[in-house]
Amino acid sequence: MKIYNTLTRKKEEFVPIEEGRVKMYSCGPTVYNYFHIGNARPFIMFDLLRRYLEYRGYDVRFVQNFTDIDDKVIRKANEENTTYDKIAERYISEYFTDAQGLKIRPATVHPKATDNIDEIIDIVKTLVDKGYAYEADGDVYFRTKAFKEYGKLSHQPLEDLEAGARIDVREHKEDPMDFALWKAAKPDEPYWESPWGKGRPGWHIECSAMARRYLGETIDIHSGGVDLCFPHHENEIAQSECANGKPFAHYWMHNAFLNIDNQKMSKSLGNFFTVRDAAGAYGYEAIRFFMISAHYRTPLNYSRDSLEQALASLARINAALVNLRFLSKNGTDGEMSRKEKESKDAFESYKKRFCDAMDDDLNSADAVSVIFELVREVNTLCAEKDVTRKYAKEGLAIMTELCNVLAIGQTEEENMLDSEIDTLIEQRQQARKAKDFKEADRIRDELKTQGIILEDTPQGVKWSRA
RNA sequence: GGCGCCAUAGCCAAGUGGUAAGGCAUGGGUCUGCAAAACCCUGAUCCCCAGUUCAAAUCUGGGUGGCGCCUCCA
């Protein structure tokens, strides 16, 4: 598999540190609100990476943190007259609700910053001892000039960064580019005891600490949105590599931004959507499909149109799955025809093309197109009056396998049989036999209002949930 | 000012040297009690200019347009 590495700005063959195992870390949400549609992109895309790596047989250890202490969490707590941990707890729970809807699997570990204060303090202490950090009035800062490789991820020399930087007025910093590892507690703020007095961790340090604790000093893949590249990831590298004296991550992956109607999402423009809002309008499945339909490194535009198209496209895949499930039970008995055998033999080539696409820096858009070609293939054969159960089963197996890697398409459980529906379908069949089409249509309409779509086929009545 | 990304049919979106995947939408057809689904047919010389090459959407240079980071916003 090839991965585009921000560090080298090249697509590189992926070689894990330890054969067959992958250690990956992805920056998670700051839990002070529902996560927005832009946040969903890295969550979905790196969940996809993890699923694909597992599909290819890797044992993946995936860590995604929750930033549960920072200015925004504290502000929200103050607004609601509650404590930061209550806010964090609530939105962590909401994160899992949305994540589950989007079929984002829980990470191997979801550590919280506040559960790792000891580890954080330990790293900061090491950095101070080694001369990479200094204390000033209860704050501790990283001395960027001490790390000569600073800027290697964003590919900018320190001087250029400095030239563009807004000057931070904190006078006790040695250099404007220095960043906080530990912040002295302000009055009425939550704090932890540390060698530098009461305070709390800076934002960047938590990721270095949690990555080391749960994955080790050097990890395979670190991922996140492009905007985190600088300064967040640059700072993580500085902290981790100075503290551990080893490379931090071999591969850095960054997803491009999601725009809303071709503009950056922002509260002031009034185009700020949470996943919860979007799911209410189009459903979680459409959002996931929409994200996966584009390569993760190209900017993606969220619009009403895009989501409606995603919904329609997904319906085609779901229809094929429902059809295959139906025919694997209601098809004809016996051996596959020659045409069916040939088609079945071609399934491997679809699978290969699917994997080739995914191997090419997670080209999910191309992988999806392979699924659609497969849909056409099986649909064509399934349109035959004497399609065999055997063939339908084979088709269902390959379709399900590929769809499961991307976590798209309705699963069988999501379209389970229901005896009441069966009864109504039977009644309708009786009516049709008696040429009472009025009654037949009435039953079909009635079921439709309940979201059940009936289709008459040569093999019998097929139904699915809208 | 520094660094970087994007520009492909009505829309979404792959494709990084050999004359353009896939999806949505549109129109026509087949099938069907009707319907739905499905299948077949239907559409682009790839922002512009110049260059390299037998050959470029794909490489180089120059434009134009849109966007991002350099401000703890994914």
Side-chain angles (χ1 to χ4, degrees), chain A residues 6 9 26-30 35-43 45-46 67 70-72 151 154-157 159-168 177 179-180 202-204 223-232 234-235 254-259 262-267 272 289-290 293-295 297-301 303 305-317 319-320 322-323 353 357 360 363-376 378-385 432 435-438 440-441 444-445 448 453-458 462-464:
Chain A
T6 308
R9 291 193 175 163
S26 208
C27 293
T30 300
F35 66 89
H36 59 68
I37 193 75
N39 289 317
R41 194 173 191 190
F43 298 159
M45 295 318 288
F46 299 122
T67 298
D70 93 322
D71 290 341
K72 294 189 293 289
S154 44
H155 298 269
Q156 301 215 65
E159 311 82 65
D160 290 341
L161 286 169
E162 213 166 317
R166 178 185 283 187
I167 301 301
D168 191 325
M177 289 308 292
F179 56 92
W203 177 43
H204 312 295
S223 55
V226 268
D227 56 320
L228 291 185
C229 187
F230 186 89
H232 185 56
E234 196 73 71
N235 291 351
H254 293 98
N255 63 278
F257 251 70
L258 181 85
N259 293 321
N262 294 310
Q263 285 182 301
K264 183 175 172 174
M265 170 162 51
S266 76
K267 284 178 178 163
F272 188 92
F289 184 86
F290 165 68
S293 303
H295 185 86
R297 280 192 293 111
T298 61
L300 184 58
N301 190 44
S303 68
D305 246 26
S306 306
L307 268 286
E308 277 170 4
Q309 286 180 23
L311 214 46
S313 303
L314 199 49
R316 181 169 163 81
I317 289 174
V322 167
N323 197 220
R353 286 172 52 215
D360 183 15
N363 193 337
S364 54
D366 215 12
V368 168
S369 82
V370 175
I371 290 184
F372 276 109
E373 288 181 44
L374 182 60
V375 165
R376 183 183 301 278
V378 297
N379 277 347
T380 301
L381 279 264
C382 286
E384 302 283 328
K385 296 231 187 295
R432 288 181 74 209
K435 303 254 191 239
D436 184 356
F437 295 123
K438 212 173 153 189
D441 289 352
R444 186 167 62 190
D445 289 345
K448 195 176 178 184
I453 310 292
L454 297 193
E455 293 172 41
D456 300 321
T457 77
K462 182 173 65 174
W463 70 274
S464 58

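Convention: sequence-line order gives letters A, B, ...; per-chain numbering from 1.
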rG23(B) base / Q309(A) side chain donor-acceptor hit below 3.5 Å: yes
Taking for each residue the nucleotide of RNA chain B with the nearest heavy atom, is it L258(A) or A365(A) whose nucleotide lies nearer the 5' end? A365(A)
Across nucleotides 33-45 of chain B, 5' to 3', mark each nucleotide with B, S or - according to how protein heavy atoms within less than 4.0 Å reach it. BBBBSSSS-----
What is the distance, to the nearest angstrom, from the CZ atom on R41(A) to the P atom on rC67(B)? 17 Å
Integer-rounded Å distance: rA13(B) P and M45(A) CE: 13 Å
Could you point out which residue of L454(A), V322(A), N323(A) forms a side chain to side chain contact (heavy atoms under 4.5 Å, CB included) with S464(A)? V322(A)
Roughly how many Å apart are rG51(B) and rC12(B), using the P atom of each and rounding to a whole number? 32 Å
Under 4.0 angstrom between R297(A) side-chain N/O and rC5(B) OP1 or OP2: no
Atom-to-atom span, CG of N301(A) to C1' of rA74(B) - whole angstrom: 16 Å
If you compare every side-chain N and O of N363(A) against the phosphate oxygens of rG15(B) (OP1, OP2), does one of them come in below 4.0 Å? yes
rC47(B) and rG22(B), which share atom name C1', separated by this distance in whole Å: 23 Å
Nearest to the side chain of E373(A) - rA74(B), rG22(B), rG4(B)? rG22(B)
Between rU26(B) and rG43(B), how far apart are the two C1' atoms, rounded to whole Å? 10 Å
In whole angstroms, the gap separating P of rU71(B) from CZ of F179(A) amounts to 13 Å
Side-chain touch K435(A)/F437(A), heavy atoms, less than 4.5 angstrom: yes
Just to be sure I understand the rule, does H254(A) reach a base, reach only the sugar-phosphate, or reach nothing, if contact means heavy atoms closer than 4.0 Å? nothing
Distance, rounded to the nearest Å, where N255(A) contributes CG and rC6(B) contributes C1': 15 Å
Point-to-point distance, once rounded to the nearest 0.5 Å, from CZ of F272(A) to CD1 of I37(A): 10.5 Å
Whole angstroms only, please: what is the CG-C1' distance between L314(A) and rA13(B)? 16 Å
Side chain of F230(A), heavy atoms from C-beta onward: which of rC69(B), rA14(B), rC73(B) has the nearest atom to it? rC69(B)
Taking atom C1' in both rU42(B) and rA36(B), compute the distance separating them and give it to the nearest angstrom. 23 Å
Taking every heavy atom of N255(A) against every heavy atom of P42(A), the minimum-distance pair comes out as OD1-CB, 3.3 Å
The reported gap from OG in S26(A) to CE in M45(A) (rounded to nearest 0.5 angstrom) is 12.0 Å
Judged by atom type as modelled, is there a donor-acceptor pair below 3.5 Å linking the side chain of D360(A) to the main-chain atoms of N363(A)? no
Between rG62(B) and rC73(B) - C1' atom distance, rounded Å: 35 Å
Within this structure, what is the OG1-CG distance for the pair T6(A) and L228(A), rounded to the nearest 0.5 Å? 11.0 Å
Would you call the rings of H232(A) and W203(A) parallel, tilted or perpendicular, where under 30° means parallel and over 60° means perpendicular? parallel
Which range-with-range stems can be found for RNA chain B when each stem has 3 or more Watson-Crick or G-U pairs in a row and both distances sit under 3.5 Å? B:1-7 with B:64-70, B:10-12 with B:22-24, B:27-30 with B:38-41, B:47-51 with B:59-63
Considering only the P atoms, how many Å lie between rA56(B) and rC48(B), rounded to the nearest integer? 15 Å
Straight-line distance of L374(A) CG to I317(A) CD1, nearest 0.5 Å: 10.0 Å
Separation between CD (Q309(A)) and CZ (F290(A)), nearest 0.5 Å, reads 10.0 Å
At under 4.0 Å between heavy atoms, what does N39(A) touch on the DNA or RNA strands: base, sugar-phosphate, or nothing? base
Mind calculating the distance between CG (L307(A)) and C1' (rC12(B)) to the nearest angstrom? 11 Å
Can you tell me the distance, in whole Å, between the CD atom of E308(A) and the P atom of rA25(B)? 11 Å
Please classify the nucleic acid contact of K435(A) as base, sugar-phosphate, or nothing, using heavy-atom distances under 4.0 Å. nothing
So, OP1 or OP2 of rC12(B): does either fall under 4.0 Å of a side-chain N or O from T298(A)? no
Salt bridge between D441(A) and R444(A), side-chain N to carboxylate O under 4.0 Å? yes
Using heavy-atom distances to pick each residue's nearest nucleotide on RNA chain B, tell me which of S369(A) and S303(A) is more 5'. S303(A)
If we take the P atom in both rA35(B) and rC46(B), what is their distance in whole Å? 42 Å
When the C1' atoms of rC3(B) and rG10(B) are compared, how many Å lie between them, rounded to an integer? 36 Å
